Amino acid sequence: MTAHILDELQWRGLVEQVAGPDLREHLASPRVVYAGFDPTADSLHVGSFIPLMTLRRFQMAGHRPIALIGGATGMIGDPSGKSEERVLLSEEVLRQNVAGIERQLQRFLDFSGDSGAILVNNYDWMKEFSFLQFLRDIGKHAPLGMMLAKESVKARLESESGLSYTEFSYMLLQGYDFVHLARTHQCTVQLGGTDQWGNITVGIDLARRLDGIQLYGLTGPLLTRADGVKMGKTERGAVWLDPEKTSPYAFYQYWINVADEDVGRCLRYLTELDQEAIAQLDASRAEAPHLRESQKKLAEELTRVVHGESGLAAARHATEIFFGAEIEDLDDQALADIFADVPSSQLPKARLEEGLPLIDALVEAGLCQSKGEARRTIQQGGAYVNNVRRTDLETTLRSSDLASESMLVLRKGKKKYALLRFHS
RNA sequence: GGGGGGUUUCCCGAGCGGUCAAAGGGGUCAGACUGUAAAUCUGAUGGCUCAGCCUUCGCAGGUUCGAAUCCUGCACCCCCCA
């Protein structure tokens, strides 16, 4: 990685706006850069992916990354007014969220060596501040006119919901984070999505006024689809980086299903493939879109980064099963892993021994809402047992139909699966 | 306050005494095709012990051999005149 980090970011389309006199020159020597992550949940999701990967790119280019967890800013980020009790409770949740995100961040950055990453939590320095002290030391140097002029503020002031004093203060807290990191870690560059522009410039301005130093900012794109919708959401909720919340298989599948018009940007924004490799994928996509090499490569790269080699292998294996032929000769553990995301139902083993009508099984598994629907599904060829189509209405499941020791896989249509587990 | 119109199965919307579980469209589900895409095509779409039975057409009664369809009362919605 001898190329200048800005060139690298540029061709990837990761540079939206830059703040500061000459960022290019500034980044010619090793610097300390930071990006913040709010602990709104106990795991990061795809929405944080771009800044996370950008930090990695900086690190690979020889700069030191700081991942900041917003333990303090996360406390006021939520606009809805909450009672005293719930604030206390949410502090507990917050602690867990911070812990969870800390754990994840550690997997993405290298903490060793000269440019080893640093993990900080702004709660650690914000907790020392009294309200009065903050107003005297920091607030005094933040001109209201400038803050009111921010796009982010103007939009909210004109909206129905308005803007509370607390939320208005958010940008000042984040601004101070930047100042603090500059003082304590010689951090000079802040990264963020376009929505962070206002917050970043507040920090730059504050540093100039307080310490007379020049800081820099760089905003990147948000991960959206061609039609403007934010990516990283499915019918089942956000796509998380935590394997407990989004299995490696589900994660892999999410990227496999990215639309052609979005996959190019995803490759540039999120993978570490070089320019040449991506150009090849672009060409392949133009000539033979049905091969979907771009999607496969994207899913592979990202699953490997997030879930490791073993996670990728599991996702691939599960994919084979999901789209492959008959399911047989597997053990309970393997089935449970592969179908981790699939709803499962428990039934007494006796039901199977006495013969369980397929119609009933489909209803019990929750795949059909009524027996009438189950009947129709079977007649129309939409019912599968262990991936084998069964069209006989009279089909009765027996012990011999088990795919493993105690489980059996039902499927309705192309990809709606349900697991039936039989206990004694 | 006076006059008129409406309330139908997930949604929109036909139906105006039996042939109505109720046209048509949308949605949804399944099948074919396909790139685990889009589009398209086909079928299905109240429940059940399914060639039969049961429960649905704002709510409660009534008339009829028989009502979503007629009558009475109630509730909600819309329009016109004050």
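Worth saying up front: this structure is predicted, and the values here are computed from it rather than measured. Below, chain A is the first sequence line, B the second, and so on; all start at residue 1.
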Say whether, by atom type as modelled, one donor and one acceptor occur between the side chain of [X] and the main chain of [Y] under 3.5 angstrom.
X      : Y      : value
A:R12  : A:T271 : yes
A:Q104 : A:L44  : yes
A:K412 : A:G366 : no
A:D332 : A:S406 : yes
A:N386 : A:V388 : no
A:N122 : A:G71  : yes

Nearest-Å distance, [atom1] ([X]) to [atom2] ([N])?
X      : N      : atom1 : atom2 : value
A:L393 : B:rA44 : CG    : C1'   : 14 Å
A:K412 : B:rG43 : NZ    : P     : 19 Å
A:I378 : B:rG31 : CD1   : P     : 13 Å
A:L410 : B:rA30 : CG    : C1'   : 16 Å
A:Q379 : B:rG31 : CD    : P     : 14 Å
A:K296 : B:rU36 : NZ    : P     : 8 Å
A:L362 : B:rA30 : CG    : C1'   : 12 Å
A:H290 : B:rC33 : NE2   : C1'   : 15 Å

Using Watson-Crick and G-U wobble pairs whose two distances are both under 3.5 Å, how do you write the pairing of RNA chain B as dot-bracket, with | for links to another strand? (((((((..(((.....[.....)))((((((.......))))))(((...)))...(((((..]....)))))))))))).

Just jot down the ring-ring contact (aromatic ring centres under 6.0 Å, His included) partners of A:W240, sequence neighbours excluded, or say none. A:H45

Can you name the residues that form a ring-ring contact (aromatic ring centres under 6.0 Å, His included) with A:Y216, not counting sequence neighbours?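 For A:Y216, the residues satisfying ring-ring contact (aromatic ring centres under 6.0 Å, His included) (neighbours in sequence not counted) are A:H26.
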
Give me the distance, rounded to whole Å, that separates [N] from [M] when you measure between the [atom1] atoms they each carry.
N      : M      : atom1 : answer
B:rA51 : B:rG15 : C1'   : 28 Å
B:rA21 : B:rU55 : P     : 13 Å
B:rC53 : B:rU69 : P     : 22 Å
B:rA22 : B:rC12 : C1'   : 16 Å
B:rG46 : B:rC29 : C1'   : 15 Å
B:rC20 : B:rA67 : C1'   : 11 Å
B:rG13 : B:rU8  : C1'   : 9 Å
B:rC57 : B:rC11 : P     : 14 Å

Start at the 5' end of RNA chain B and walk down; is the nucleotide closest to A:L291 or to A:G372 reached first?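 Looking at the nearest nucleotide for each, A:L291 comes out on the 5' side.
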
Let me spell it out: for each of A:D360 and A:D260, pick the nucleotide of RNA chain B with the closest heavy atom. Which residue's pick is nearer the 5' end? A:D260

Suppose we call a contact any N or O donor and acceptor under 3.5 Å apart; does that hold for the side chain of A:Q380 and the base of B:rG31?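 No, no donor-acceptor pair under 3.5 Å.
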
Distance test, side-chain N/O of [X] to OP1/OP2 of [N], below 4.0 Å:
X      : N      : result
A:R376 : B:rG47 : yes
A:S370 : B:rC48 : yes
A:K416 : B:rA30 : yes

Does one side chain, of A:R292 or A:S294, offer a donor that lies under 3.5 Å from an acceptor on the other? no

Would you say A:Q253 and A:T319 are linked by a side-chain donor-acceptor pair, where the criterion is simply a distance under 3.5 Å? yes

Partners meeting salt bridge (Lys or Arg N to Asp or Glu O under 4.0 Å) with A:R398 (sequence neighbours left out):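 None.
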
Looking for any heavy atom pair under 4.0 Å, which part of the strands does [X] touch: base, sugar-phosphate only, or nothing?
X      : result
A:Q253 : base
A:R285 : nothing
A:Q295 : base
A:Y384 : sugar-phosphate

For nucleotides 37-42 of chain B, give me one character per nucleotide, 5' to 3': B if any protein heavy atom sits under 4.0 Å from the base, S if the only such contacts are to the sugar-phosphate, - if neither. S-----

Could you tell me how the ring of A:Y165 sits relative to the ring of A:F168: parallel (under 30°), tilted (30 to 60°) or perpendicular (over 60°)? tilted

In terms of ring plane angle, is the pair A:F108 and A:F49 parallel, tilted or perpendicular, where the classes change at 30° and 60°?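 Judged by the thresholds at 30° and 60°, the geometry between A:F108 and A:F49 is perpendicular.
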
Short of 4.0 Å, heavy atom to strand atom, which residues of residues 309-318 of chain A count as contacting RNA chain B?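 Under 4.0 Å from RNA chain B: no residue of residues 309-318 of chain A.
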
What I'd like to find out is whether the side chain of A:R64 reaches to under 4.5 Å of the side chain of A:H185, using heavy atoms alone. no

